[in-house]
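In what follows, a single structure is set out as C-alpha cells and then discussed.
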Amino acid sequence: MRPTVHDIAAAAGVSLATVDRVLNQRPGVRHVTREKVEKAIREIGYIRDVAAANLAKGRTYPFVFILPASDNSFMHGLNDEVRAAVARSPVERTDIRTIEVPAFDPAALVRVLEELGRERPSGIALVATDAPEVRDAVDRLVQDGIPVVTLVSDLTGSQRHHYAGVDNIAAGRTAARLLGRFLGGARGEIAVLAGSMLVRDHRERLEGFASVMAAEFPSLSILPVIEGRDDPEMAHMLVADALSKKSGIIGIYSLGAGNRGLIRALKEKAVDRSLTVIAHELTTHTRAALLDGTIDAILNQNAGHEVRSAIRVLKAKADGLAVIEAQERIRLDIFLKDNLP
C-alpha cells in the first residue's frame, strides 16, 4: 500500500496537523520538526497527490486561450466552446479568459505571449501561427515553467507540452482519396482553397492531399493554392475568379475555414459543369451546403473535444501529472449528407 500522511506522522512522531503544515508549506513549524517530517517523507517513500492537495486547498487554475480574430464559422464555434468552458469554471476550478489576436500575424501573437510570460498564468492554449519567432516565444514560456498547449494548428519543433487537434496530414490524405474516388478516373484540375500557408495545419493538409493525388490520381492536377485568409469575402472573390478563368476545374478541396465564401461562389458560378467539393469543418453553412449538394463531403474536428482536452492537459501539467494520451486523441469525422448528426 502507498504510504499515507498517518504513516508520516507516526514515523516523525508528530501530529497530523504538523504534517499538513509541512506538506503545504505553511508557517508555525519549528525548523527541527520540519526536518524530521521531511526525513520521514523521504524514508517511507511518500508520494504526494498534487491534484488531491489542490482540490483540498480549493486551488483555481488561471488559463488563457489565444484565438485568432477571424470571421469564419469554425473559429466562431471554437470561441463558443471556450465560452462554454468558462461557464463550467466554478465546477472545474478554472479561471479562463480569451485573448484574440489578428489571424496569421506572428508579431501580434508574440507580443501577447511575452505579456503572458510576465503575468504567469497556470497555462496557455493557443492556435499557433507557425513562425520562428512564435516558436521561440513558446519555448521561453515552457522554459519558464508555464504549460503551453497548441490548439487546432500545431507548432512542431517547439517545446510546447501537447497538441490538441487532428492529424492534419492524415486529414489531407483522406480528402484526396475521397475526391479522387468521387471523380472516378476523370481528368481535370483541382482547385485548393486555404487560409494561409503560415499555419501548419493548412500546410500539412496540403502535404497529405498532394502526396495521395500524385501517387494514386495522376489524371488530376492541383492548381496553385488559393489563400483566402479564412475570410469569407476574400474567399468568395478568389474562388469566383478562379472558376471564371479555369474551365478545367472539376474538383475543389477547401482545407481551411473560408467555406462561407466558397459556398457563395459555387452557388453563383456561371459555368455549366459539375464540381466535386470536399471541405473541412461542419458548421451551419457547410451542413446546409452538404444537404443541398453544393458540397459532397465534410471532414470535421470536434472543437469542444479540443477545448476540453487542452484544459485537461493544462491542469495535468500544472499539477505535474502524466497526460493520458489515448484520452486526448482527437478524432477526424467524415460526414456525407446521409450520416449527418
Side-chain angles (χ1 to χ4, degrees), residues 1-66 85-86 88-99 110-126 135-150 158-164 308-325 327-328:
M1 293 180 61
R2 288 178 58 181
T4 68
V5 290
H6 294 273
D7 298 317
I8 299 173
V14 299
S15 68
L16 286 173
T18 298
V19 173
D20 178 73
R21 282 195 289 272
V22 173
L23 286 173
N24 292 296
Q25 300 180 332
R26 289 197 286 267
V29 182
R30 292 187 303 161
H31 178 70
V32 64
T33 304
R34 186 178 296 277
E35 285 190 337
K36 284 170 61 179
V37 172
E38 290 174 348
K39 181 182 178 183
I41 290 171
R42 291 193 299 272
E43 289 181 346
I44 68 175
Y46 175 79
I47 299 174
R48 190 179 184 209
D49 187 337
V50 179
N54 285 334
L55 178 60
K57 290 187 293 185
R59 177 183 178 182
T60 297
Y61 301 81
F63 293 146
V64 179
F65 278 73
I66 307 174
V86 172
R88 298 191 301 269
S89 289
V91 176
E92 297 182 350
R93 296 176 295 118
T94 56
D95 178 12
I96 297 171
R97 66 186 173 106
T98 302
I99 297 175
V110 168
R111 285 193 295 272
V112 170
L113 291 171
E114 289 175 343
E115 178 61 31
L116 290 175
R118 291 186 284 272
E119 293 182 17
R120 299 192 59 79
S122 293
I124 298 169
L126 72 149
R135 193 174 297 110
D136 292 343
V138 165
D139 288 351
R140 287 193 294 271
L141 291 170
V142 173
Q143 291 161 11
D144 206 23
I146 300 175
V148 178
V149 169
T150 51
S158 72
Q159 297 176 35
R160 57 95 177 118
H161 292 91
H162 184 77
Y163 164 57
R308 292 189 295 273
S309 176
I311 292 169
R312 282 194 299 268
V313 171
L314 289 175
K315 288 177 77 171
K317 292 300 179 182
D319 286 340
L321 302 177
V323 174
I324 304 172
E325 293 294 341
Q327 182 183 18
E328 308 310 337

Please report the closest heavy-atom contact between [X] and [Y], naming both atoms and the distance.
X    : Y    : answer
I44  : A11  : CG2-CB, 4.3 Å
G123 : I146 : CA-CG2, 4.5 Å
I8   : A40  : O-CB, 4.1 Å
D7   : T4   : OD2-N, 2.8 Å

Review point. Quick one: which of I124, V64, L126 gives a side-chain contact (heavy atoms from CB on, under 4.5 Å) with I99?
Key: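 Option passing the side-chain contact (heavy atoms from CB on, under 4.5 Å) with I99: V64.
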Give the table of side-chain donor-acceptor pairs shorter than 3.5 Å for residues 113-120, with sequence neighbours excluded, one pair per line with atom names and distance.
| residue | atom | partner | partner atom | Å |
| --- | --- | --- | --- | --- |
| E114 | OE2 | R140 | NH2 | 3.4 |
| E115 | OE1 | R118 | NE | 3.4 |
| E115 | OE1 | R118 | NH2 | 2.8 |
| E119 | OE1 | R97 | NH2 | 2.2 |
| E119 | OE2 | R97 | NH2 | 3.4 |
| R120 | NH1 | D144 | O | 3.1 |
| R120 | NH1 | D144 | OD2 | 2.7 |
| R120 | NH2 | D144 | O | 3.0 |

Measuring from atom [atom1] of [X] to atom [atom2] of [Y], what distance do you get when rounded to the nearest 0.5 angstrom?
X    : Y    : atom1 : atom2 : result
S89  : Y61  : OG    : OH    : 13.0 Å
D136 : Q159 : CG    : CD    : 10.0 Å
R160 : L141 : CZ    : CG    : 14.5 Å
K39  : K36  : NZ    : NZ    : 10.0 Å

Quick one: are [X] and [Y] in side-chain contact, heavy atoms under 4.5 Å?
X   : Y    : answer
R21 : R34  : no
L16 : H6   : yes
F63 : S122 : yes

Check your understanding: Do any N or O atoms from the side chain of H161 and from the backbone of V148 form a donor-acceptor pair under 3.5 angstrom?
Key ->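 Checked: pair present.
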With a 3.5 Å cut-off and sequence neighbours excluded, list the donor-acceptor pairs that the side chains of residues 310-317 form with protein atoms.
| residue | atom | partner | partner atom | Å |
| --- | --- | --- | --- | --- |
| R312 | NE | E328 | OE1 | 3.3 |
| R312 | NE | E328 | OE2 | 3.0 |
| R312 | NH2 | E328 | OE1 | 2.9 |
| K315 | NZ | E92 | O | 2.8 |

